[in-house]
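Naming convention: chains lettered A, B, ... in sequence-line order (proteins, then strands); numbering from 1 in each chain.
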Amino acid sequence: MTIKSGTGQACAACKYQRRRCTPECLLAPFFPADQPKMFQNVHKLFGVKHIQNLLKELDPDQKAMAMKSIKFHAAMRDKYPVYGCLVEIQQLTYQIQLAEEELQAVLQQLAYYRQQNQQQEMSPTNDYLSQLQLGMEPPGNNNPVSFVHPDNPTQYNAVTALPINVPPHASYSNNGDVDYNTNYLDSKENNVVDSLWIQQAYSYSNNDNNNSMVMQPQLTTSNPEETNQDYNEMHPFFDNIDDRQSFIGSKEVYESSLESSQKDSRQAVEQMAENELKSAAACFSLTQNQIEGCSI
Amino acid sequence: MASSSSTYSNPPCAACKFLRRKCVPNCIFSPYFPPEEPTKFINVHKIFGASNVSKLLQEILPHQREDAVNSLAYEAEARLKDPVYGCVGAISVLQRQVLLLQKELDATNADLMRYTNVNIDQMPNKNSYSSAAILNQNGECFGKRVGYGSGSFDPVSLPYNSSTSWYNGPNSEENS
């Protein structure tokens, strides 16, 4: 038997307890009459007395939020009598673990594709290297690889120019990925991504010194001394030819290989012919001695 | 007749000790509230009440009661630490973490799609369907694949709505 109050129907709490719902009822704002199941769940888990004690200890602005959480708590306990809210916590923890694992896997794939992109960008510089080794003239200023990094010539490497040469469709660092960068990198600046590129590129250049030494001749305006030194290292055959003693034959024969000295080449050819004759004669004499030796 | 059994009887459980009553041999609390852990029962009793806990345990199978008591103890401790949100605060924090991770995952997948499309464009025989296949494989939202859990609680952004999924009738049964 429900006793209706002057304002309207009794709340679900008073209806359940079969008592008069007064205007001062603490639970009336939170348990409307049309939701009896909600109050039953809460009453089953907490009890009316404990709910009233909880509400008395809270501020008026916290009561509504507290009742929301209590209702949710009771509903979870009704749905899962053994574990209650722990089911939701366990599920969320598992989802977080899955998400983190998937994020790691995707980041690895992304790193792989970035590395592939870097290698593809480096492939034109290998052709340039082969041309230089063949003694061909270095290309002019129109070379897309030519560029200057005046501040850090030691960090000079072809990859630092990649952000310049990267095609628009392959660039990623500064084109609309701010949210990704700030979220993943904990609100760091976008330059961190570029610095990561530079760090990777620096390690690549350290591993492949030939490329870096070949590329550095382009730094004509920044560090001439270092350029000259590297240029010397690049062309050992042309500058340090006097120090090369391990070559076969005489020094004159070695010098004759240069295109600039045609006279020496003629002399070398003649001398080579003489040497061959001498060596042939020596072999002939040796064979004769062997024959004579065997006959004894 | 002095009862010598008192010498050999088990000490009262934490519940009976707190309630100051005789701990009978078939006390429902004694297996789960040992006398060495008085705080456990005190917290549970303060939030839920001994009678409510007793009724709950009687409705559960005996082999599940220990887990039920442990979960109640955890929830009671959480409610004592945070009277407003209780253990639901931890749930909302975890939900936000899942959303953040989902956003990061989607952004990373979008980056990955960009690279895979570049590589496909560079291939001599590029197939337009291959990029779509990769998109279906990687671009699908993480939340749609895994699900957001059985219930959702967001005390900050959304007002309480009685038409939430968990109130209108859970479909899944408890995994025990």
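Scanning both residues, Asp67(B) and Tyr83(A), for their nearest heavy atoms gives OD2-OH, 2.9 Å. Residues Val98(B) and Ile96(A) share a closest heavy-atom pair of CG2-CG1, 3.4 Å. In terms of heavy-atom proximity, Pro83(B) sits nearest to Ala66(A) at O-CB, 4.2 Å. Across His50(A) and His45(B), no two heavy atoms sit closer than the pair NE2-O, 3.4 Å. Closest approach of Arg77(A) to Ser71(B), counting heavy atoms only: NH2-OG, 3.1 Å. When all heavy atoms of Asn52(B) and Leu45(A) are compared, the closest pair comes out as ND2-O, 3.6 Å.
Considering OG1 of Thr108(B) and CD of Gln108(A), their distance stands at 12.5 Å, rounded to 0.5 Å. Rounded to the nearest 0.5 Å, atoms CD (Gln109(A)) and CG (Asn109(B)) are 8.5 Å apart. Summarising the geometry, atom CG belonging to Leu94(B) is positioned 11.5 Å from atom CD belonging to Gln90(A); distances are rounded to the nearest 0.5 Å. In this structure, the separation between CG on Leu101(B) and CD on Gln97(A) is 11.5 Å, given to the nearest 0.5 Å. With values rounded to the nearest 0.5 angstrom, Arg114(B) atom CZ is found 9.5 Å from Leu110(A) atom CG. Rounded to the nearest 0.5 Å, atoms CG (Leu54(A)) and CD1 (Ile47(B)) are 5.5 Å apart.
Between the Ser69(A) side chain and the Val84(B) main chain, a donor and an acceptor come within less than 3.5 Å of each other.
Residues Arg79(B) and His73(A) form a side-chain contact, since some pair of their non-hydrogen atoms from C-beta on lies under 4.5 Å apart. The shortest distance between side-chain heavy atoms of Glu100(A) and Glu104(B) does not fall below 4.5 Å.
Heavy atoms closer than 4.5 Å to chain A are found nowhere in Leu61(B), neither backbone nor side chain. For Tyr74(B), the part lying near chain A is the side chain, with the backbone staying farther off; criterion is any non-hydrogen pair under 4.5 Å. For Leu58(A), the part lying under 4.5 angstrom from a heavy atom of chain B is the side chain only. Heavy-atom distances place both the backbone and the side chain of Ile70(A) under 4.5 Å from chain B.
Environment of NZ in Lys63(A): crowded, with over 12 heavy atoms of neighbouring residues, nucleotides or ligands closer than 6.0 Å. Counting heavy-atom neighbours within 6.0 Å of Gln52(A) CD, excluding the residue itself, gives a total above 12.
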Intermediate values then yes/no, side-chain contact (heavy atoms from CB on, under 4.5 Å), Gln95(B) and Glu88(A): CA-CA 10 Å; Gln95(B) 283 177 346; Glu88(A) 187 70 18; 3.8 Å; yes
Full working for side-chain contact (heavy atoms from CB on, under 4.5 Å) between Tyr113(A) and Asp111(B): CA-CA 10 Å; Tyr113(A) 281 114; Asp111(B) 279 344; over 6 Å; no
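Note: Glu75(B) leads Glu75(B), Gln97(B), Arg65(B) in heavy-atom pairs under 4.5 Å with chain A.
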